[in-house]
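Some notes on the structure that comes next.
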Amino acid sequence: MTAAVGIDLLEIERLERALERRPRLADRLFTDAERAYAAARARPARHLAARFCAKEAVAKALALEAWSPRDVEVVIGDDGAPGVVLHGRLADQGPVAVSLTHERGLAGAVALAE
């Protein structure tokens with residue numbers, strides 16, 4: 001496989017509203033560790049939104065048609081940089097590098113699959 005790029009952008013408030021309407025949505029989209037990381041921050045939704053974008057960007061980079069968001073986990077390395085761990089039926093794909101951002105009302109991510 002040649003290198004492939006995926007990108008995603010999301011309004012943070014959109015995710016905040018969705019999580020308020022459907023509290024169990026976070027359990028379906030994010031791993032326990034991702035939710036714990038976000039919960040320890042001042043505005044958890046901005047960190048969850050960036051992780052959601054990363055999941056979407058990874059799916060685009062890997063050209064996934066059917067996948068579970070919990071099979072793409074965003075982790076923070078010892079150096080403080082984000083990384084991706086693939087679980088389930090995606091575990092044998094990759095490697096995938098990811099970059100996250102959030103500013104004011106938007107969150108985004110770029111993924112590079114090799």
Side-chain angles (χ1 to χ4, degrees):
M1 176 179 176
T2 61
V5 176
I7 186 169
D8 198 63
L9 186 65
L10 176 65
E11 290 178 1
I12 296 167
E13 284 186 21
R14 184 175 174 200
L15 181 64
E16 283 177 320
R17 288 190 308 267
L19 293 173
E20 286 172 8
R21 285 191 314 268
R22 299 188 330 244
R24 288 185 288 189
L25 179 62
D27 295 338
R28 291 198 330 261
L29 297 177
F30 304 102
T31 66
D32 294 344
E34 289 170 324
R35 290 191 317 276
Y37 178 88
R41 304 300 181 270
R43 190 172 173 203
R46 82 176 352 169
H47 299 278
L48 291 176
R51 279 151 180 74
F52 182 80
C53 289
K55 294 167 186 283
E56 290 286 328
V58 167
K60 291 172 184 176
L62 294 175
L64 302 175
E65 293 184 19
W67 58 285
S68 169
R70 290 178 53 98
D71 285 345
V72 178
E73 181 176 20
V74 176
V75 297
I76 301 298
D78 293 336
D79 61 357
V84 172
V85 176
L86 300 174
H87 301 284
R89 64 184 193 83
L90 303 181
D92 62 342
Q93 298 195 36
V96 180
V98 69
S99 180
L100 312 177
T101 189
H102 48 74
E103 179 65 30
R104 296 185 188 171
L106 294 174
V110 175
L112 174 64
E114 298 178 29

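This is a predicted model, so every value here is computed, not measured.
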Residues 73-86, side-chain donor-acceptor partners within the protein, below 3.5 Å, at least two apart:
{"unit_1": "Glu73", "atom_1": "OE1", "unit_2": "His87", "atom_2": "NE2", "d": "2.7"}
{"unit_1": "Glu73", "atom_1": "OE2", "unit_2": "Thr31", "atom_2": "OG1", "d": "3.1"}
{"unit_1": "Asp79", "atom_1": "OD1", "unit_2": "Ala81", "atom_2": "N", "d": "3.0"}

For the residue pair [X] and [Y], what are the closest heavy atoms and their distance?
X      : Y     : value
Ala111 : Ala61 : O-CB, 3.9 Å
Leu15  : Leu48 : CD2-C, 3.7 Å
Ala42  : Pro44 : O-CD, 3.5 Å
Leu19  : Ala26 : CD2-N, 3.7 Å
Ala109 : Ala50 : CB-O, 4.1 Å

- Test salt bridge (charged side-chain N to carboxylate O under 4.0 Å, His left out) applied to Arg43 - qualifying residues, sequence neighbours left out: Glu16
- Task: Report the residues that fulfil salt bridge (charged side-chain N to carboxylate O under 4.0 Å, His left out) with Arg35, sequence neighbours left out, ordered by chain and then residue number.
- Result: Asp27, Asp32
According to the ring pair (Phe, Tyr, Trp, His ring centres under 6.0 Å) rule, which pairs have a member within [range], sequence neighbours left out?
range          : answer
residues 5-29  : none
residues 2-29  : none
residues 65-85 : none
residues 10-45 : Tyr37-His47

- Query: Going by side-chain heavy atoms closer than 4.5 Å, which hydrophobic residues are tied to Ile12, directly or by a chain of links?
  - Reply: none
- Note on the structure: Apart from Leu9 itself, its cluster of hydrophobic side chains linked below 4.5 Å comprises Leu106
- Counterpart residues, side chain to side chain contact (heavy atoms under 4.5 Å, CB included), relative to Ser68 (two or more places apart):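 For Ser68 the side chain to side chain contact (heavy atoms under 4.5 Å, CB included) partners, ignoring immediate neighbours, are Arg70, Asp71.
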- Task: Return the set of residues passing side chain to side chain contact (heavy atoms under 4.5 Å, CB included) with Ala18 (not counting sequence neighbours), or none when no residue passes.
- Result: Arg21, Leu25
N/O donor to acceptor pairs below 3.5 angstrom from side-chain atoms of residues 52-60, sequence neighbours left out:
{"unit_1": "Lys55", "atom_1": "NZ", "unit_2": "Leu29", "atom_2": "O", "d": "3.3"}
{"unit_1": "Lys55", "atom_1": "NZ", "unit_2": "Glu34", "atom_2": "OE1", "d": "2.9"}
{"unit_1": "Lys55", "atom_1": "NZ", "unit_2": "Glu34", "atom_2": "OE2", "d": "3.2"}
{"unit_1": "Lys55", "atom_1": "NZ", "unit_2": "Pro69", "atom_2": "O", "d": "2.8"}
{"unit_1": "Lys55", "atom_1": "NZ", "unit_2": "Val72", "atom_2": "O", "d": "2.5"}
{"unit_1": "Lys60", "atom_1": "NZ", "unit_2": "Ile7", "atom_2": "O", "d": "2.9"}
{"unit_1": "Lys60", "atom_1": "NZ", "unit_2": "Asp8", "atom_2": "OD1", "d": "3.0"}

